[in-house]
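Before any comments, here is the structure.
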Amino acid sequence: MITANRSDVGRIRHINEDRSWVGQLDNGITLAIVADGMGGHQAGDVASQLAVNTFRDMLEKSASKADLSVQEGKMLIRQALVMANDVVYDMASRNEQYYNMGTTIVAALYKERQLIIGHIGDSRAYLITADGIAQLTEDHTLVNELVKTGQISMEEAAHHPRRNVITRAVGTDAQVEVDIYTAVLSENDVLLLCSDGLTNMVTDELMLQTVREDGLALDDKADRLIQLALHAGGDDNITVVLLQEASAVYRGGDNG
């Protein structure tokens, strides 16, 4: 598995409240997570770091068995994100300076072509294939609820004054619901995990074009996505994680 992990504070913010991590276990499992923190006075970066650390610690211990099944992987992702919620909520409850802090999370477990995605908030997972780009996750936002109920159009959602209102996050409530998705990562496919600092600035079409560009290493593609978001304004922190099967790169595939 080839991976890339990039984050940038952006052009407006003074603190990067995004956190990300990618790790590969001895049993062939690859883990990845992107967390976009929120909360005043540096509480957002505390929330996102706590969530990433909790996810990492639990999955490195629990996902190390050689014959981990898809159902076990789904259960572990869900448990890790629920535990992250418990840890962040507990910290926010016990410390006034962290009151109401929280974070979005999109996380992935990959083994033998099988992807398991855990998701809370508006950070996203995309699967990029020869057929195009598909958003795997569904945003937990006010505007998405309005779109689903037909109250506003997708075009109106892009410019809605409350488009940043999150309806579900890690750490803001004692309990949280985790969305779980599964997909297959075939040769030459790329999984993209990202914070909304990318998706609010860069269109799906431009993300697809960048990731499928010939002759660029995966790290360079992640860097280019960051630069595209910065060039478009960079008004938020930007985080990009890319995962691709190593065999596609070694055999001279199109890297996207």
Side-chain angles (χ1 to χ4, degrees), residues 7 10 13 17-20 32-39 44 47-48 51-52 55 74 77-78 80-82 84-85 88 100-108 115-128 132-173 175-183 190-208 211 225-226 228-229 232-243:
S7 190
R13 304 292 179 89
E17 295 184 325
D18 286 1
R19 294 292 185 272
S20 57
I33 183 170
V34 170
D36 180 358
M38 50 196 177
S48 57
V52 169
F55 174 87
K74 292 165 69 173
I77 285 275
R78 189 184 306 277
L81 299 194
V82 168
N85 186 78
V88 175
N100 207 35
M101 72 175 176
T103 183
T104 70
I105 284 182
V106 60
L115 280 169
I116 302 169
I117 306 294
H119 175 247
I120 303 167
D122 66 348
S123 293
R124 294 179 180 176
Y126 289 89
L127 184 61
I128 296 171
I133 182 170
Q135 183 178 332
L136 300 179
T137 53
E138 182 177 303
D139 292 348
H140 301 137
T141 60
L142 174 63
V143 295
N144 190 47
E145 292 298 322
L146 295 175
V147 169
K148 289 197 306 181
T149 55
Q151 298 180 61
I152 62 174
S153 67
M154 289 293 294
E155 293 73 20
E156 290 171 324
H159 305 286
H160 196 279
R162 302 190 69 191
R163 63 184 178 276
N164 293 324
V165 176
I166 305 291
T167 56
R168 197 191 307 177
V170 171
T172 55
D173 294 290
Q175 296 182 329
V176 70
E177 181 181 354
V178 181
D179 285 354
I180 301 291
Y181 306 86
T182 59
V190 176
L191 176 70
L192 164 63
L193 306 181
C194 60
S195 61
D196 66 343
L198 178 71
T199 53
N200 285 341
M201 295 286 104
V202 182
T203 64
D204 288 6
E205 291 75 15
L206 193 49
M207 288 191 283
L208 173 64
V211 172
L225 289 171
I226 296 284
L228 287 169
D235 60 5
D236 199 354
N237 309 143
I238 312 149
T239 298
V240 171
V241 168
L242 299 174
L243 305 180

Ignoring hydrogens, what is the shortest heavy-atom contact between [X] and [Y]? Give both atom names and the distance.
{"X": "Ser123", "Y": "Thr137", "result": "O-OG1, 4.0 Å"}
{"X": "Val88", "Y": "Gly102", "result": "CG1-CA, 4.5 Å"}
{"X": "Thr182", "Y": "Lys74", "result": "CG2-CD, 4.0 Å"}
{"X": "Met207", "Y": "Ile128", "result": "O-CD1, 4.5 Å"}
{"X": "Thr103", "Y": "Gly37", "result": "OG1-N, 3.5 Å"}
{"X": "Ile105", "Y": "Ala35", "result": "CG1-CB, 4.2 Å"}

Within the 4.5 Å heavy-atom criterion, are [X] and [Y] side-chain neighbours or not?
{"X": "Tyr126", "Y": "Val211", "answer": "no"}
{"X": "Ile226", "Y": "Val240", "answer": "yes"}
{"X": "Arg124", "Y": "Asp139", "answer": "yes"}
{"X": "Ile166", "Y": "Thr172", "answer": "no"}
{"X": "Ile33", "Y": "Arg19", "answer": "no"}

[Y] backbone acceptor or donor facing [X] side chain under 3.5 Å:
{"X": "Thr167", "Y": "His140", "answer": "yes"}
{"X": "Asp36", "Y": "Thr104", "answer": "no"}
{"X": "Arg78", "Y": "Ile180", "answer": "no"}
{"X": "Asp236", "Y": "Gly10", "answer": "no"}

Looking at [atom1] of [X] and [atom2] of [Y], how far apart are the two atoms once the value is rounded to the nearest 0.5 Å?
{"X": "Gln135", "Y": "Leu192", "atom1": "CD", "atom2": "CG", "result": "10.0 Å"}
{"X": "Leu198", "Y": "Ser7", "atom1": "CG", "atom2": "OG", "result": "11.0 Å"}
{"X": "Glu138", "Y": "Asp179", "atom1": "CD", "atom2": "CG", "result": "7.5 Å"}
{"X": "Leu136", "Y": "Ile117", "atom1": "CG", "atom2": "CD1", "result": "6.0 Å"}
{"X": "Arg168", "Y": "Thr141", "atom1": "CZ", "atom2": "OG1", "result": "11.0 Å"}

_Thr239 and Asp18: side chain donor to acceptor below 3.5 Å_ =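 Per modelled atom types, Thr239 and Asp18 side chains form a pair under 3.5 Å.
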
*Using side chain to side chain contact (heavy atoms under 4.5 Å, CB included) as the criterion, point out the one residue from Leu206, Asp204, Thr203 that pairs with Ile133.*
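Going through the options one by one, the only one that passes is Asp204.
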
